[in-house]
Amino acid sequence: MTSHIADVLIPLALDTAYSYAVPDGLPLREGDVVQVPLGTREVAGVVWSLRPGSGANFKSVAGRIEAPPLSPQMRRFLDWVAWYTLAPKGSALAMGLKLADGERPEAVRVGVRLAGAPPRRMTPARQRVVALAGDGLVRLKRELAQEAGVSIGVVDGLIDEGTLETVALLAEPVAESPDPDFSRNHLSEDQRAAAEALAGTLSETPAPVTLLEGVTGSGKTEVYFEAVAEAVRQGRQALILMPEIALTAQFLDRFAARFGVKPATWHSGVTGRKRERLYAGIASGEVKVVAGARSALFLPYARLGLIVVDEEHETAYKQEDGVHYHARDMAVVRGRIENAAVVLASATPSIETRVNAARGRYRHVRLPERFGGRQLPRIRAVDLRREQIPRGRWLSPSLIAAMEESLGQGEQVLLFLNRRGYAPLTLCRACAHRYECPNCSAWLVEHRFRRSLVCHHCGHVERTPQACIACGSVDSLVSCGPGVERIAEEVAELFPEKRGIVLSSDFPGGTERLRRELAAIAAGEFDIVIGTQLVAKGHNFPLMTLVGVLDADIGLTSGDPRAAERTFQLLQQVTGRAGRGEKPGRALVQTWQPDHPVIAALVSGDAERFYREETRVREMAGLPPFGRLASLIVSAAEREAAEAHARAMAKVAEPPPGVTVLGPAEAPLALIRGRYRFRLLVKTEREVDLQGYLRAWMARCPKVRGNTRVAIDVDPQSFL
DNA sequence: AGCACGCCGACT
DNA sequence: GTCGGCGTGCTC
C-alpha cells in the first residue's frame, strides 16, 4: 500500500516525468535522486514533484540514491532551459545531473605513525621504517614503505607489533578555500570604482546583470575578482565561466595571486573521482569558487552569489549539439533564479548584450583605459590597392618595413591571418579543375605539412595528388591564396635569421605542446608568430609590439548576419595583442576596403559608432536583437533525406502573425559526425511565443522518419 | 540512452 | 531451419 505518487524525471530524451508509486516507509522529498524501474532496467531519476495518491497502477520507486538532491531553483532552471531551448526536459536534466558511475566507495586513506616500543625482532628493513617514522609525522602507508625501500608487508608487520599505529586520514579537500583578503591588488581609481560597483550588486535584490566593458589590458579580471572576493566574504559561491581555451595556467595563477589558492576548475577534462567530489563539494557549498567551461553552469550550487561570464561575446558559449543553448544567456537566467549577481565581461561585447545595456536591462560599467597608463595600440589601415605586392606574396612593403623596425629592436611581431593550412584553393593549371569537398562543395584547403587536402567544413581529408584527378596532368596543381603555412614560408624568406612559429588549431602535438609553445613565445623564444584566431584569445605576449593583420576583409563578405560584428571583435582583439608590455604597440591592418565601417571603426577606435550603426542596420533588417531568429536543424545520414525533410517542414507550417519562415537556408550543408545537417530559418517578432509556436510546428510536421533528427536552435537575443 | 521486437539475408 | 544485422519505437 502506498499513499504517494512521485513524478520522476529521467535524464534521457523524454519530455515528461514518469509517475511511480512511493513505497510506504520510503521518505522522499521533491528533488531527491531516486532509482526507478524503466522497461527492463533500472535508471536514476529525480523526483520532480510529489502528490498524494495510491499509485496502484504504477511501478514503484526502487529506492533513494545517496546523491545531493536538486534544489527547487535548480529544478526551475532546468525546466526553463528545456522550455527555452525546446529540448526534452530529461535532456536538460542530463546536463545537470552527474552521478557517480561506479558504486565503489572512495578508497580510504590510511596514515601510519610511530606509536610504541620497537618490535621484539628488529630487522634491517624494520630498522629503516622505524628510523623514518622517528619524526612522529603521519605518512601514507604506501609512501612510508616506498621511502624506506621496503614492501608494504614490513609496515603491516610493524602495525601488528604495535610499533606503528594507523590513523584515519581525512579525505583531501576537493578545493581549498580562497581567501578574499589574501592579497589586494593595487587598483587604479577607475578600477576601484568599477570593482565597488560590481561588488555592490551582490547585496541587491533582485541581483542585477552588469556588463563590464574594458579594453584589452584594462584589468577586467582584477576588477571582477573583487566581486568574487565579496561573494566569498558573504559566504556565497562564485562561478567564473570562461571559454574552454581560456582556462589556462596563466588565469589560474592570477587567481592564486589574488586569493592564495587556485580555484576549482570544471571542464570536459575533469573526470572520474575528481568530478564526483567536485560535484558533491559544489552541492554542499564547500567549494567556494568554480572556474569552468559552459557546462559548469549546470552544477548544483548550494549558495550561488555571483556568476561572471568572461569574454561574454565568445561563440564558444554556444552549444551546438544535444541541447542547443548559449551559456551566457542561460547564466543570466540562472542568476535571476538564484538571485545571484551576473557580470558579463568583455572588451568587445556582443550586440545583444550592448542593446540590453543600452535599454537599461543590464547595468553598464566601463574601464576606458589600459591599466598603468599604458597606451592602446596605434592602428593604421594599409590600403592594399596602393601597395606593390609581387604575385604570390602577401606582405605589403609597409608591413615589411614596420616588421624590420620592430624586429631590429628585438621586439616580437604577430602576423594574423584567419586561415589554416597552406592555400584555401587548389586548381589544375591544365584543365582548371577545382578541388572541392565531395560532401560539402566547399573548397579543399591544402595543408602542405600534412601533404593533404582538407575540408574545413566537415573534416574530409584526402592526400594531395601527384597528378590531377580530373585530367591526369602531372605537377599541374596551383595553390591559390594564402594560409598561415604559406605566410610562414614568405616570412622565412624575408627574415631568414628570425625565429618564426605558426599557431593554429591544427597545431601538431595537442594542447599540451601548444601550451608550452605559448609560454615559450611569452618568454621571447620566438620573434615572429604567425597565427589564426587562436592567437586572439586569452594569451598575453608581453614582448609583442607589432601586430600585422594580413587580410582584414576575410569574413566581411560571408552571408552571416553577424559577419561584421564578428570581424570587428576579432580584429579588435588581435590588434589589442600589441604593446601590453612597457612600450605602446602598433597594428597595421591590410585591407582592400579601408572605408568599410568595420575597418574605419577599428582604425578610429570608435567602437561605439560601429555598434550604433550595426544596431541600426539590424533593426532595419528585422534581425536580432529586435526579433528572434530560430533555426530548425534537420540532420540525416543521407543528404537528400535531410533536404527533403526540411523542405517538407517549411511547407507544412502555417506561421501565425509575426512569424516569417525564411525557408531552408541556402548555405551549404555541413557534415557533422556523419550526418548531413542544415537549417530552416524562422524569424519572429519579440511578442510571439516562439517556443509554443515551434513546438506546435514540430508536432504538425510530417513524422520524422528514416533516421532524420530535428533540433531547434534559438539564437541569442533579448528575452528578459 | 538502452533494450526488445521484428523483419530480412547467409550460415551451422 | 535459426543466427544476427539494424531500423523503429517504447519506457510510468
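Convention: sequence-line order gives letters A, B, ...; per-chain numbering from 1. Atom set for the values below is all heavy atoms of this structure, side chains included, hydrogens, waters and symmetry mates excluded. From a predicted model like this one, the values you see are computed outputs, not experimental measurements.
Side-chain N or O atoms of A:Gln237 include one that pairs as donor or acceptor with a backbone N or O of A:Ile282 at under 3.5 Å. A donor-acceptor pair is defined here as one N or O able to donate and one able to accept, closer than 3.5 Å; no such pair exists between the side chain of A:Glu176 and the backbone of A:Lys262. At least one donor-acceptor pair under 3.5 Å links the side chain of A:Asn418 to the backbone N or O of A:Gln533.
A:Ser49 and A:Glu30 share no donor-acceptor pair across their side chains, judged by distance under 3.5 Å alone. In summary, the side chains of A:Ser19 and A:Arg51 do present a donor paired with an acceptor at a separation below 3.5 Å, with no hydrogens or angles considered. With 3.5 Å as the limit, one finds a donor-acceptor pair spanning the side chains of A:Tyr224 and A:Asp310.
Put simply, the residue from A:Gln569, A:Arg328, A:His313, A:Glu565 that forms a side-chain hydrogen bond (donor to acceptor under 3.5 Å, both in side chains) with A:Ser350 is A:Arg328.
Heavy atoms of A:Leu14 sit under 4.0 angstrom from at least one base atom. At a threshold of 4.0 angstrom between heavy atoms, the contacts of A:Pro37 are confined to the sugar-phosphate backbone, with no base atom among them.
Contact check of residues 42-51 of chain A against DNA chain C (heavy atom, cut-off under 4.0 Å) returns no residues at all. Residues of residues 27-36 of chain A having a heavy atom closer than 4.0 Å to DNA chain C: none are found.
Separation of atoms CD (A:Gln319) and NE2 (A:His324) is listed at 8.0 Å; rounding is to 0.5 Å. Atom CG of A:Leu50 is separated from atom CD1 of A:Ile5 by 10.0 Å, given to the nearest 0.5 angstrom.
When rounded to the nearest whole Å, the span between CG of A:Asp15 and P of C:dC12 equals 17 Å. Rounded to a whole Å, the CG atom of A:Leu93 is 20 Å from the P atom of C:dT11. Distance A:Leu38 CG to C:dG9 C1': 13 Å, rounded to the nearest Å. For the pair A:Leu9 CG and B:dA1 C1', the interatomic distance rounds to 14 Å; values are reported in whole Å.
Stacking between A:Phe58 and C:dC12 is absent: the ring centroid is not both under 5.5 Å from the six-membered base ring centre and under 30° in plane angle.
Residue A:Tyr18 has no polar side-chain atom (N or O) positioned under 4.0 Å from OP1 or OP2 of C:dT11.
Judged as a side-chain contact (heavy atoms from CB on, under 4.5 Å), and not counting sequence neighbours, the contacts of A:Ala21 are A:Thr2, A:Ser60. By the salt bridge (charged side-chain N to carboxylate O under 4.0 Å, His left out) test, A:Arg434 pairs with A:Glu436, sequence neighbours left out.
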Is there any protein nitrogen or oxygen under 3.5 Å from a nitrogen or oxygen in nucleotides 2-5 of chain B, and what are the pairs?
| from | atom 1 | to | atom 2 | distance (Å) |
| --- | --- | --- | --- | --- |
| B:dG2 | O4' | A:Arg41 | NH1 | 3.4 |

If you restrict it to nitrogen or oxygen atoms, what contacts under 3.5 Å exist between nucleotides 3-6 of chain C and the protein, and what is each distance?
none

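Aromatic ring centres of A:Phe298 and A:Phe77: separated by under 6.0 Å.
With respect to the salt-bridge test (charged N to carboxylate O, under 4.0 angstrom), the residues A:Asp32 and A:Arg64 qualify.
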